[in-house]
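First up is the structure itself, then whatever we jot down about it.
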Amino acid sequence: MGSFKLAIIVLVVHTLNFVTCNNLTDSEIFAFDVPAEIQDEFTYYLSGYDEDGAPIWIFEGGKWDIRKYVEQGGKLYDAMDIFIDRMYLTFRDSGLNSTGKQFVGIGDMEGFNIRQAGHVKTVQFLLLKYARFEQIARSGSMKRAWVVNANPFFERVWQIL
């Protein structure tokens, strides 16, 4: 099993140059006009606040068809990339502006399937987005995060991340 993980990591790192993420500033990300299709596809929402006043954000990542946009490339791929970064920044800013001074994140991975987990470029994109999220979390703006409804396909990707 360890050699399988190593092989996946080597494959992902080897081809990492084929999947790029944006280099926009935070203000450019917020100013970007995201197409309605992307907003509809990549749902997230404010669920409420915890006892300290920290906003609780839920993103339904298991329902997201990331592979579709990775395969397409082009403007919708770029919009997806920017929109996910905007989501992270929204989480961060809402936390910093709350009485709790942090946010809580819940990733609902119900529906994540082999179609997503078995596509190298999609996994590469997820790795890059995870790294971006980790930057936000390390800044101290994230109080806590949970992943719910994780199935074996997502658990494998999570192990790689």
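- For the pair Ile66/His119, no side-chain contact is recorded, criterion being any heavy-atom separation below 4.5 Å from C-beta on.
- Using a 30° and 60° split on the angle between ring planes, Phe83 and Tyr44 fall in the tilted class, from 30° to 60°.
- Under the 4.5 Å side-chain contact rule for hydrophobic residues, Met87 and Leu46 share a cluster.
- Checked against Val70 for a side chain to side chain contact (heavy atoms under 4.5 Å, CB included), the options Val123, Thr122, Val120 give a single hit: Thr122.
- Side-chain contact between Val104 and Trp146 is present, with heavy atoms from C-beta onward closer than 4.5 Å.
- Using a 4.5 Å heavy-atom cutoff, the side chains of Phe125 and Met80 are in contact.
- Taking Phe42 as the reference, Trp64, Tyr69 meet the ring-ring contact (aromatic ring centres under 6.0 Å, His included) condition, with sequence neighbours excluded.
- One finds no salt bridge joining Asp81 and Arg132 here, because no Lys/Arg side-chain nitrogen approaches an Asp/Glu carboxylate oxygen to under 4.0 Å.
- With Glu110 contributing its side chain and Lys63 its backbone, the two residues share no donor-acceptor pair below 3.5 Å.
- Nearest approach of Phe133 to Met142, heavy atoms of both residues: CZ-SD, 3.5 Å.
- Contact check for Lys75 versus Tyr77: no side-chain heavy atoms found under the 4.5 Å cut-off.
- Two residues are said to be in side-chain contact when any heavy atoms from C-beta on lie closer than 4.5 Å; Leu76 and Pro35 meet this criterion.
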Pair up each side-chain donor or acceptor in residues 52-62 with any protein partner under 3.5 Å, not counting sequence neighbours, and list the distances.
{"from": "Asp52", "atom 1": "OD2", "to": "Lys143", "atom 2": "NZ", "distance (Å)": "2.5"}
{"from": "Trp57", "atom 1": "NE1", "to": "Ser94", "atom 2": "OG", "distance (Å)": "2.7"}
{"from": "Glu60", "atom 1": "OE1", "to": "Thr43", "atom 2": "OG1", "distance (Å)": "3.0"}

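- In this structure, CD1 in Ile38 is found 7.0 Å from CD in Glu41, a value given to the nearest 0.5 Å.
- Considering only heavy atoms from C-beta on, Phe103 stays 4.5 Å or farther from Ser98 through its side chain.
- Going from atom OG of Ser139 over to atom CD of Gln102 covers 9.0 Å, rounded to the nearest 0.5 Å.
- In the hydrophobic cluster analysis, where Ile, Leu, Val, Met, Phe, Trp and Tyr join through side-chain heavy atoms closer than 4.5 angstrom, Leu126 is grouped together with Val147.
- Arg86 places a side-chain N or O within 3.5 Å of a backbone atom of Phe32 that can act as its donor or acceptor partner.
- Distance check: Ile84 CD1 to Leu89 CG gives 12.0 Å after rounding to the nearest 0.5 Å.
- Atoms CD and CZ, from Gln135 and Arg92 in turn, are 10.5 Å apart once rounded to the nearest 0.5 Å.
- Under the 4.5 Å side-chain heavy-atom criterion for ILVMFWY residues, a single connected hydrophobic cluster contains both Phe30 and Phe91.
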Exercise. Would Lys68 and Glu37 count as a salt bridge (charged side-chain N to carboxylate O under 4.0 Å, His left out) if you check the C-alpha gap in whole Å, the side-chain angles of each, and the deciding distance to 0.1 Å?
Worked result: CA-CA 12 Å; Lys68 172 183 171 182; Glu37 176 181 343; 3.7 Å; yes
Taking it one step at a time, do Ile106 and Ser47 satisfy side-chain contact (heavy atoms from CB on, under 4.5 Å)? CA-CA 10 Å; Ile106 300 174; Ser47 177; over 6 Å; no
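- Across Ile29 and Ile82, no two heavy atoms sit closer than the pair CG2-O, 3.8 Å.
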